[in-house]
Student: 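Mind having a look at this structure? Questions to follow.
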Amino acid sequence: MAGKGTLVRAWVGAALLAVMLSSVAAASPAAALPPLQTQGEIRYLSGGIGSDEAAAIQAAREQFALSISLSARSGGRDVYLATVPLTIRDDAGRTLLDVVSDGPYLLVQLPPGRYEIAARYGGETRTRVVRLVAGRPQRLALSWSQLTNEAANEAAAAPPSAAPALAPATDAGTAARDPALPPVRVQGGVPYLSGGVGSEEAAAIQAAAARYSLALTLSANEDGHGVFLASIPVSVSEVGGATLLDVVTDGPYLLADLPPGRYVVRARYAEQEQTATVTVAPGRTARVSFAWRATAH
C-alpha cells in the first residue's frame, strides 16, 4: 500500500498536470487533446489522428517528461503509425506502462530516471533506452525502416470502423507539410530531412528550420564566390556517446529533430573535416554553418 507521502505527491502531480493541460487547451481552442489516462501511477495520453488533435498534442509535448512518435517507411514516403503496442520499463525491469497507442504520439509523465521503451509493429520490435532529467522534456522517435508485409496485411485487413493504422507523416511534428519540402527520413530514432537544391525547396527548408532542433548549412568559397554544397558526409553524435545520424546530404541544408542534449556535428569536404559541439535545448533551434575556404578541383 502506498504511503501517505506518495499519495499526496501523486495528487499534487495530478493537479499540476491538469492545470498545465488546461492552459495548453486554452492556448489552442481549435485543437482538442485526447483524454489524459492513468495506468498504475503513470499518467499519459495518446493520439494524433487528424490535424487538430496532432497539433494539440504537439503543443503539449513540453508539459510531459517524454514524448514518443511512431513512424515507418512505406511506398517511398514516411507514414505515422497507430495501434502500436508499447511498453516502458524502469531500471529495475518493472513494467510501468503497457499500452496500445491510439495514434502516432504518446506523451508520458515519468519521474527522472533511466527507462527502456519497446514498441512492436509488423513483427519487429524497436527498443530504446532514455535517461530523463527533471525539467528537460525528451522526444523519442521510433521508426521502422519499411512497412513489412505483415504490417501491410494488418493494415489492409483492418475493418473500416477501426482507427486508421497509417497517417501521412509530417516534418518535425507539424500538422501541415509544405509540398516543396524534401521527404522526412528517420535514422537512429531521429527524424531529419536534407536538400535545398532549387530556390523553392531551399525556401521551404529555411522556413521549416525553426521547427527542428538542429539546422545545418554547408557551403564553400570557390574562386572568390560562395557556393552551396551537396553530397557531404555528415554525422551527429552524442558527446561521448553514440552516433545518431550518419548520412550524405542531398543538398546544402540538413534539419534534424534531436532530443535535448549536447552533440558533436561533423562534416567532411575536400579531405577537410569540420566539427562543432552544440547544445540542443527544448524549444530552440541550434544552427550550425560549415564553410570551406576552397572546393576541390
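Only a predicted model underlies this, so the values are computations on that prediction, with no experimental measurement involved.
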Student: Quick one, Leu218 and Tyr269 - any side-chain contact, counting heavy atoms below 4.5 Å?
Tutor: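 No, side chains not in contact.
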
Student: How about Leu97 and Leu106: do any of their side-chain heavy atoms sit closer than 4.5 Å?
Tutor: yes

Student: For Glu62 and Pro137, indicate whether the former's side chain and the latter's backbone hold a donor-acceptor pair under 3.5 Å.
Tutor: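 Pair absent, no side-chain N/O of Glu62 close to backbone of Pro137.
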
Student: Give me the atom names and distance for the closest heavy-atom approach of Leu45 to Leu36.
Tutor: CB-CA, 4.4 Å

Student: Heavy atoms only: give me the nearest Val265-Val234 pair and the separation to one decimal.
Tutor: CG1-CG1, 4.5 Å

Student: Quick check against the 3.5 Å criterion: does Arg126 have a side-chain atom that pairs as donor or acceptor with the backbone of Ser143?
Tutor: yes

Student: Do Ser67 and Arg139 have a side chain donor and acceptor closer than 3.5 Å?
Tutor: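 No, Arg139 and Ser67 have no side-chain donor paired with an acceptor closer than 3.5 Å.
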
Student: Which distance, rounded to the nearest 0.5 Å, do you find between the CD1 of Ile68 and the CZ of Arg61?
Tutor: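 Rounded to the nearest 0.5 Å, the CD1-CZ separation comes to 12.5 Å.
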
Student: What pair of heavy atoms forms the shortest contact from Ala209 to Ala215, and how long is it?
Tutor: CB-CB, 4.2 Å

Student: With no hydrogens and no angle check, is any side-chain donor or acceptor of Gln138 less than 3.5 Å from a backbone partner on Arg131?
Tutor: yes

Student: Between Ser219 (side chain only) and Ala291 (backbone N and O only), is there a donor and an acceptor less than 3.5 Å apart?
Tutor: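 Not at all, since once roles are kept as given, no pair shorter than 3.5 Å links the two residues.
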
Student: Taking Trp292 for its side chain and Gln272 for its backbone only, find out whether a donor-acceptor pair lies under 3.5 Å.
Tutor: yes

Student: With rounding to the nearest 0.5 angstrom, report the CG to OG1 distance, Leu254 to Thr249.
Tutor: 7.5 Å

Student: Considering only residues two or more places apart or on different chains, which pairs with a residue in residues 189-207 satisfy side-chain hydrogen bond (donor to acceptor under 3.5 Å, both in side chains)?
Tutor: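 Qualifying pairs, neighbours excluded: Gln206-Tyr253.
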
Student: Indicate yes or no for a side-chain donor-acceptor contact from Trp144 to the backbone of Glu124 under 3.5 Å, with no hydrogens or angles considered.
Tutor: yes

Student: What I'd like to find out is whether the side chain of Tyr263 reaches to under 4.5 Å of the side chain of Leu214, using heavy atoms alone.
Tutor: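 No, their side chains stay 4.5 Å or more apart.
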
Student: Could you measure the distance from the OG atom of Ser71 to the OH atom of Tyr121? Nearest 0.5 Å is fine.
Tutor: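 Going from OG on Ser71 over to OH on Tyr121, the span is 11.0 Å.
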
Student: Run through Pro34, Ser46, Pro35 and flag the one making a side chain to side chain contact (heavy atoms under 4.5 Å, CB included) with Asp102.
Tutor: Ser46

Student: Looking at every heavy atom in both Asp246 and Gln187, which two are closest together, and how far apart are they?
Tutor: N-OE1, 2.6 Å

Student: Under 4.5 Å between any side-chain heavy atoms of Thr275 and Arg266, yes or no?
Tutor: yes

Student: If I compare all heavy atoms of Val280 with all of Pro259, which pair ends up nearest, and what's the gap?
Tutor: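 So the minimum-distance heavy-atom pair works out to CG1-O, 3.7 Å.
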
Student: Decide yes or no for Phe290 and Ile232: does some side-chain heavy atom of the first lie under 4.5 Å from some side-chain heavy atom of the second?
Tutor: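 Of all side-chain heavy-atom pairs linking Ile232 with Phe290, none is under 4.5 Å.
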
Student: Taking atom CG of Leu142 and atom CG of Leu81, what is their separation to the nearest 0.5 Å?
Tutor: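 Separation between the atoms: 10.0 Å.
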
